[in-house]
K.L.:
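I'd like to ask some things about the structure below.
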Amino acid sequence: MNRREVIKSVALMFGGTLSAPTLMAMNHWEQNSPIPTTSAAFSLTEQQRKIVAEVAEMIIPRTNTVGAKDVGVPAFIEMMLKDCYLQPDHQRFLEGLTSLEQLKFLELNEGERRGALKMMEQQTKEQMKVPSKTVPFWRLMKELTLLGYFTSEAGIKASFEYVQIPGKLENIKLKPNQKLYAY
Amino acid sequence: MNLNIKVTKENTFDAIVVGSGMTGGFAAKELTEKGMKVLMIERGKEIKHVQDYDTAMKQPWEIEHRGKTTLVSAEERWANSRFWGLGSEEVVNHLTNDKENPYIEKRPFDWIRAYHTGGKSMHWGRQSYRWNKQDFEANAKEGIGIDWPIRYEDLEPWYTHVEKFVGVSGQKEGLDVLPDGHFLPPMPLFAPEAYFKKVMFDKFNRPVTVGRVANLTQPQAIHTELGRASCQYRNKCARGCPYGGYYSSLSGAIPAAMRTKRLTVLHDSIVAEIIYDDQKKKAVGVRVINQHNHLVTDYFAKIIFLNAGSINTAALMLNSKSSRFPNGFGNDSDQVGRNLMDHQLGAGATASIEGFEDDYVYGQRPNALYIPRFRNWGNDKQTAYLRGFGYQGGASREGWNRGVAADGFGGDFKENLTKPGAWAISIGGFGEVLPDPNNRMYLDPDKKDKWGVPLIVFDAAFSDNDRAIRKDIIASAVEMLETAGFKNATPYDRPTHLGLGIHDMGTARMGRDPKTSVLNSFNQVHDSKNVFVTDGAAMASASCVNPSITYMALTARAVDHAVKSLKKREL
Ligand SMILES: Cc1cc2nc3c(=O)[nH]c(=O)nc-3n(C[C@H](O)[C@H](O)[C@H](O)COP(=O)(O)OP(=O)(O)OC[C@H]3O[C@@H](n4cnc5c(N)ncnc54)[C@H](O)[C@@H]3O)c2cc1C
Ligand code: SF4
């Protein structure tokens, strides 16, 4: 198990989700220097923005419920990258986008796009086996898409049984078609 | 320096309490309830119970970065964000800004701090376990550190006293290793956990119980009269609870002390020194620096309780030099700042669980399951290490985040993530750390903070015994999860340092001999008996259970002694 997975399991234990700056904070001692927060300003070109939006929508498409674009996931991803990730993560993300640009992703039809993402998914599995401080493009893209969607107001209400104040705690049996509870 | 040393009626009290956290709050409650006029001095800003829990009722989409730490927080809270989740916007502003309050790591130390009303009691995990008899006897039996000057029986009534007031939910188990307390009804174990409990008992004779936790499952009059209500099972306690469902100084002790009308609280006020009077041969007050205008004011009292948290209490003592105490207040033994202990955290194992597909849970349990220490206990003898560890953990059904690592995308993938996933379980150890005089913190001779107070330097690390315990925490966790028939049991071992357990203690230990200890059996500084240290600094060993309930019991016991002694004019 690599360091990242180790930390993931711990995050599971504490019910938290992993984030890059947590790793950086842990490395503070190793580096013995302050974390450079004023990392190079991050922004996407119009073309890259379109690709991010299309990929997010393919991960969480609009079905009988709202999709990634409907709830603002593309802008959320850009904001998160800028505010919560460091330059090496930015770079790896941009490399992923560049490879999609080279494939002329936006000009591909639906089936070809799906093929391209499937291929990327397979490559990511191999990449994840190599210990690294950064996350492959596909993995980060997917994490931020799911996070943005499943914590958005419309995403939560469409996907889960949202209970703000449970008021009690009990063991229950699943109902038919039971959704996850979100709190 | 602007000095304001007039002794006036306004700055003279029966008792001064330094710190408003878990132990300072309790000291103030006990002192005021016994008729004392108390001044509580808190270095951080004021937080008003309920009113100032600004994130408590926020919906998930109202937390801008959805629980992730931003780069700005990671820089400002460079130490606090080493702990899981403390960098999140849900809580981050209630933790100390490490950049403004720096410390020095000669060897790394993960110092988690909360400078505000209530201190870390606002953020604690609320796990509350009594020490057992052996915990108090082990040092003497094994020749480790120094003997405790008290035994379980001395503290027993005070545990009960504290548990009643705090409100601890738990299951009585009749175990010597984990003495039962005064409990509110327990929270439930979930279906796979109940199964796990049975297998662990059958196969290993190891008990498993639901966590003992300071959340009100059934509030009593002693709680409701302070405005506290039943826990609503949102598990968002770390943000502050608008119902007072969990115990903190803010929800419990401070309102109780306020009710007596004998409590005065000063905020934004750093206690920088204890004032020792050579003629009276005792401490007479404290010197306080205002955070904002740096104005210095002295306050006076007959008795002083130091409850600034183990490290800050020791720092305050070290910074208080007088002709009687040239090496720091109460530091004849040179033990102030030494024997710094904590618990090990961040090691254990996870597994996936097959079955129980029909079982689910309504509500969020702000609690865990608990596996009491089984090593070097009863017939178990380990050759690799002394003492032992307990586990906390729990089972839950996976949520949408299982999709991050899973293959797939698109409509079916999306639909599938709205359903409860498989059950998974995780258990993590809390390992006992032995006292070692070379594990210490001290004051930097040159570097000062912006208030002119010397910076704290940490020079401490885990020992061979600690590392051997950690190895077994991991191996035993895997073994137990596999024995239960769970799948893919996977160890984890996060690189950590002392401090991350947030159970820092030992820096002004109790003992029988003033030559080797700082405090006597009632937490009094040996040579200035009107000063009491009742936070974690007093601990002569660490046990492996979460410590706060023990700190509070020691505090209540010390207050009782202080007030009785005052009445007998012994102080
Ligand atoms: C995330 C988390 C989870 C935890 N979980 C548990 C758990 O499950 N069970 C458990 O038992 N414990 C737990 N703890 C630990 C628990 O919070 C501490 O043991 C407890 O708060 C210690 O009490 P204290 O009074 O010594 O210090 P604190 O509660 O930290 O209070 C100290 C106070 O003193 C103030 N202060 C410091 N220096 C000065 C000064 N010079 N002048 C004036 N004021 C000063 C501080 O601002 C602070 O308000 C947890 C802690 C955290 C952060
Ligand atoms: S779980 Fe209970 S105590 Fe914690 S915040 Fe919710 S209601 Fe309050």
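So that the names make sense, note that chain A is the first sequence line, chain B the second, and so on, each numbered from 1. This structure is a prediction, so every number in the text was calculated from the model and none was measured.
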K.L.:
Does the pair A:F76 and B:R66 meet the rule for a side chain to side chain contact (heavy atoms under 4.5 Å, CB included), with working shown?
P.N.:
CA-CA 10 Å; A:F76 173 79; B:R66 312 288 162 85; 3.7 Å; yes
K.L.:
For the residue pair A:S159 and B:K414, confirm or rule out a side-chain donor-acceptor distance under 3.5 Å.
P.N.:
no
K.L.:
Between B:Q364 and A:Y181, is any side-chain donor less than 3.5 angstrom from a side-chain acceptor?
P.N.:
no
K.L.:
Indicate yes or no: does B:D407 engage A:K118 in a salt bridge with an N to O separation below 4.0 Å.
P.N.:
no
K.L.:
Indicate yes or no: at least one non-hydrogen side-chain atom of A:L146 is less than 4.5 angstrom from one of B:F413.
P.N.:
yes
K.L.:
Output the option from B:A405, B:G245, B:G87, B:G394 having the highest count of non-hydrogen pairs under 4.5 Å with chain A.
P.N.:
B:A405
K.L.:
Any chance you could lay out the side chain to side chain contact (heavy atoms under 4.5 Å, CB included) test for A:Q178 and B:Y360, step after step, and finish with the verdict?
P.N.:
CA-CA 10 Å; A:Q178 173 88 53; B:Y360 197 30; 3.9 Å; yes
K.L.:
Given the side-chain rings of A:F150 and B:W61, with only the six-membered ring counted for Trp, is the space between their centroids under 6.0 Å?
P.N.:
no
K.L.:
Let's go through B:K68 and A:L147 carefully: what are the C-alpha distance in whole Å and the side-chain angles of both, what is the deciding distance for side chain to side chain contact (heavy atoms under 4.5 Å, CB included) to 0.1 Å, and is it a yes or a no?
P.N.:
CA-CA 10 Å; B:K68 282 196 190 279; A:L147 178 65; 3.8 Å; yes
K.L.:
Does a side-chain heavy-atom distance below 4.5 Å link B:Y233 with A:V163?
P.N.:
no
K.L.:
Would you say the side chain of B:L71 lies within less than 4.5 Å of the side chain of A:D83, judging by non-hydrogen atoms?
P.N.:
no
K.L.:
Could you tell me whether the side chain of B:V361 reaches within less than 4.5 Å of the side chain of A:I172, counting heavy atoms only?
P.N.:
no
K.L.:
Given B:E415 and A:T63, is the side chain to side chain contact (heavy atoms under 4.5 Å, CB included) satisfied, shown in steps?
P.N.:
CA-CA 9 Å; B:E415 173 64 17; A:T63 52; over 6 Å; no
K.L.:
Is the cationic atom of A:K168 (NZ for Lys, CZ for Arg) positioned less than 6.0 Å from the six-membered ring centroid of B:Y362 and within 45 degrees of its normal?
P.N.:
yes
K.L.:
For the side chain of A:E153 and the backbone of B:E62, is there at least one donor-acceptor N/O pair under 3.5 Å apart?
P.N.:
no
K.L.:
Tell me if the CG atom of A:N109 is crowded by more than 12 foreign heavy atoms within 6.0 Å.
P.N.:
yes
K.L.:
Is it true that A:E170 and B:R365 make a salt bridge, defined as a side-chain N closer than 4.0 Å to a carboxylate O?
P.N.:
no
K.L.:
With a 4.5 Å cut-off on side-chain heavy atoms, are A:C84 and B:T69 touching?
P.N.:
no
K.L.:
Could you check if a side-chain atom of A:Y149 sits within less than 4.5 angstrom of a side-chain atom of B:L417, using non-hydrogen atoms only?
P.N.:
no
K.L.:
For the candidates A:Q164, A:R62, A:E161, which exhibits the highest count of non-hydrogen atom pairs separated by less than 4.5 Å from chain B?
P.N.:
A:Q164
K.L.:
Any side-chain heavy atom of A:N171 within less than 4.5 Å of one from B:E193?
P.N.:
no
K.L.:
Does a side-chain heavy-atom distance below 4.5 Å link B:R397 with A:L180?
P.N.:
no
K.L.:
Non-hydrogen atoms of chain A under 4.5 Å away: do they reach the side chain of B:A406, the backbone, both or neither?
P.N.:
backbone
K.L.:
Please confirm whether the backbone N or O of B:G363 pairs with a side-chain atom of A:Y183, one donor and one acceptor, at under 3.5 Å?
P.N.:
yes
K.L.:
Need one label for B:K99: side chain, backbone, both or neither, based on atoms under 4.5 Å from any heavy atom in chain A.
P.N.:
neither
